Asks: 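One structure, as structure tokens, below. Some questions next.
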Amino acid sequence: MDLDHSSWMWDGVYTHLFGGIMLTAALLGLSTSYFGAIHVPSLPFFLPDLGMFHQKKSGKKRIRVYMDGCFDLMHYGHANALRQAKALGDELVVGVVSDEEIIANKGPPVLSMEERLALVSGLKWVDEVIANAPYAITEEFMHRLFNEHKIDYIIHGDDPCLLPDGTDAYALAKKAGRYKQIKRTEGVSSTDIVGRILESSKDMKVLEGQEGSSPHGEPDEKSHAKGGHISHFLPTSRRIVQFSNGSKGPGPNARVVYIDGAFDLFHAGHVEILKNARQLGDFLLVGIHSDQIVSEQRGTHYPLMHLHERSLSVLACRYVDEVVIGAPWEVTRDMVCLLA
């Protein structure tokens with residue numbers, strides 16, 4: 001008999017049986033001292049172990065889901081995809097596609113395997129990582145996921161993932177009935193980010209060619225390349241809440257650590273420095289500089305990612321507890337009192 005489906009029935013039987021015994025005792029006027037004078041088997045011996053059934057119910061199998069990707073030039077769209085994947089199960093296993101597979105199917109990656117592994121491992125929703133995963137879900141790899149890694153479902157976005165021959169990379173998972181789909185995050189992609197980098201590089205060359213065009217040796221305002229790059233990201237409070245740690249704040253005696261920066265094009269170095277900062281205390285608060293401050297400090301062609309895009313990337317990091325969106329460049333005494 002399947003205990004998961006029948007435990008409710010046994011719970012009811014034992015409840016009524018125990019209640020009947022106690023009711024009979026009360027009607028006969030028997031006291032607990034009388035029961036102590038005669039030998040009555042204890043409840044755990046007299047009845048089967050009730051705890052076994054409750055343990056079976058509470059020990060329900062955890063759902064393990066798998067999602068893979070190249071995760072090159074990781075952005076908040078990748079993070080949101082993995083957040084959605086984690087919501088479909090209890091444990092999220094992520095496969096990072098090998099350099100060789102990326103080259104064969106898409107072209108050479110920008111980031112190395114080590115950098116991409118560091119970025120994926122640094123996300124708060126990721127429980128395990130599989131390095132050098134295949135680009136397509138082959139029958140052999142699918143059996144490995146099901147048997148070795150105990151995966152229940154394979155997940156991908158609603159955008160098509162086609163192999164060079166035009167076939168669906170997830171066809172086998174769909175056929176096996178072990179496939180689930182999430183919604184793609186609109187407004188950002190690795191291709192879009194590469195375009196921003198190229199545009200920024202072009203802006204820098206324009207500025208270098210126009211140096212000295214003003215009396216003070218700086219290009220005048222009219223000759224500036226357009227600062228800021230087109231972004232289709234629309235920030236909402238709901239998205240920020242989805243990425244945040246909720247209302248959880250530092251404890252009464254917690255040591256709060258503050259670190260700030262631009263965190264533009266979030267990369268493995270950012271993950272490492274945030275990890276080190278978190279180890280210095282109990283609560284890590286991260287200040288994200290505004291677009292204006294980043295432009296003033298680094299040039300009009302920066303930042304490549306806008307303030308809310310950068311904030312989501314930082315919030316997705318497992319070592320970060322809270323962020324200050326639009327933090328000032330200088331940490332003043334008033335700011336310290338405000339954040340305390």
Side-chain angles (χ1 to χ4, degrees), residues 64-86 88-89 91-176 178-185 188-195 197 265-272 313 316-318:
R64 287 169 61 83
V65 296
Y66 171 83
M67 187 172 190
D68 58 18
C70 303
F71 303 107
D72 198 20
L73 294 177
M74 179 170 275
H75 48 72
Y76 65 89
H78 291 135
N80 192 45
L82 295 176
R83 179 192 66 80
Q84 293 180 75
K86 179 63 177 284
L88 295 177
E91 298 172 1
L92 173 60
V93 180
V94 180
V96 180
V97 178
S98 68
D99 294 344
E100 294 76 18
E101 290 274 286
I102 297 175
I103 293 172
N105 290 277
K106 301 181 69 172
V110 176
L111 301 181
S112 67
M113 170 59 72
E114 290 74 19
E115 292 173 302
R116 292 184 287 121
L117 283 174
L119 283 166
V120 172
S121 301
L123 290 178
K124 64 173 68 172
W125 301 286
V126 177
D127 297 295
E128 296 177 26
V129 179
I130 300 175
N132 296 309
Y135 188 81
I137 301 295
T138 63
E139 188 168 356
E140 178 185 357
F141 186 69
M142 186 170 67
H143 289 159
R144 178 185 164 195
L145 290 177
F146 295 159
N147 299 323
E148 182 180 335
H149 296 283
K150 309 301 180 184
I151 298 300
D152 296 287
Y153 297 102
I154 295 172
I155 300 174
H156 186 64
D158 55 11
D159 53 319
C161 183
L162 303 178
L163 300 174
D165 62 2
T167 58
D168 185 354
Y170 295 88
L172 289 176
K174 294 176 181 178
K175 185 177 180 180
R178 305 281 284 272
Y179 176 84
K180 287 191 176 185
Q181 193 166 276
I182 60 170
K183 184 175 177 56
R184 183 186 181 279
T185 305
V188 67
S189 67
S190 296
T191 302
D192 166 59
I193 293 176
V194 170
I197 295 172
L265 283 181
F266 198 77
H267 53 72
H270 291 140
V271 175
E272 185 66 20
S313 292
C317 181
R318 66 171 66 251

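Here the structure is a predicted model, which means the values were calculated and not measured.
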Asks: Measuring from Ile182:CD1 to Gln84:CD, what's the distance to the nearest 0.5 Å?
Replies: 4.5 Å

Asks: Working to the nearest 0.5 angstrom, can you tell me the gap between Arg178 CZ and Phe146 CZ?
Replies: 4.0 Å

Asks: Please find the pair of heavy atoms, one from Ala79 and one from Ala316, that lie closest to each other, and give the distance.
Replies: CB-CB, 3.8 Å

Asks: Would you mind listing every side chain to side chain donor-acceptor pair (under 3.5 Å) that reaches into residues 138-147, with sequence neighbours excluded?
Replies: none

Asks: Answer yes or no: is there a side-chain heavy-atom contact under 4.5 Å between Leu73 and Pro109?
Replies: no

Asks: Keeping to residues at least two apart or across chains, list the side chain to side chain donor-acceptor pair (under 3.5 Å) pairs with something in residues 91-109.
Replies: Arg62-Glu91, Arg64-Glu91, Asp99-Arg116

Asks: Rounded to the nearest 0.5 Å, how far apart are OH of Tyr66 and CG of Leu92?
Replies: 10.5 Å

Asks: Excluding sequence neighbours, so at least two apart, what forms salt bridge (Lys or Arg N to Asp or Glu O under 4.0 Å) with Lys175?
Replies: none

Asks: Treating Glu115 as the side-chain partner and His267 as the backbone partner, does any N or O pair qualify as donor plus acceptor under 3.5 Å?
Replies: no

Asks: Flag the pair Phe266 / Val271 as yes when at least one side-chain heavy-atom distance between them is below 4.5 Å, and no otherwise.
Replies: yes

Asks: So how far is it from Phe141 CZ to Ile154 CD1, rounded to the nearest 0.5 Å?
Replies: 8.0 Å

Asks: Using every non-hydrogen atom in the two residues, find where Leu163 and Ala169 come nearest and quote the distance to one decimal.
Replies: CD2-CB, 4.0 Å

Asks: Check the pair Val93 / Lys150 against side-chain contact (heavy atoms from CB on, under 4.5 Å), numbers first and verdict last.
Replies: CA-CA 10 Å; Val93 180; Lys150 309 301 180 184; over 6 Å; no

Asks: Considering all heavy atoms of both residues, which atom of Val120 and which atom of Met74 are nearest to each other, and what is their separation?
Replies: CG2-CE, 3.6 Å

Asks: Atom CD1 in Ile197, atom CG in Asp192: separation rounded to 0.5 Å?
Replies: 10.0 Å

Asks: Do Phe71 and Leu82 come within less than 4.5 Å of each other through their side chains, counting heavy atoms only?
Replies: yes

Asks: Work out which heavy atom in Tyr135 is nearest to a heavy atom in Cys161; give both atom names and the distance.
Replies: OH-SG, 3.9 Å

Asks: Considering only heavy atoms from C-beta outward, does the side chain of Leu145 approach that of Ile130 to under 4.5 Å?
Replies: yes

Asks: Any side chain to side chain donor-acceptor pair (under 3.5 Å) involving residues 154-171? Give me the pairs, sequence neighbours left out, ordered by first then second residue.
Replies: Asp68-Tyr170, His156-Tyr170, Asp165-Thr167, Asp168-Lys174

Asks: Can you name the side chain to side chain donor-acceptor pair (under 3.5 Å) partners of Thr185, sequence neighbours left out?
Replies: Asn80

Asks: Under 3.5 Å, is there a donor-acceptor pair between the side chain of Asp72 and the main chain of Leu111?
Replies: yes

Asks: I'd like to check the salt bridge (Lys or Arg N to Asp or Glu O under 4.0 Å) partners of Arg83; sequence neighbours left out, ordered by chain and number.
Replies: none

Asks: On a heavy-atom basis, which atom in Met113 and which in Asn132 lie closest, and how many Å separate them?
Replies: CE-OD1, 3.3 Å

Asks: If you take all heavy atoms of Val65 and Ala85, which pair is closest and at what distance?
Replies: CG2-O, 3.5 Å

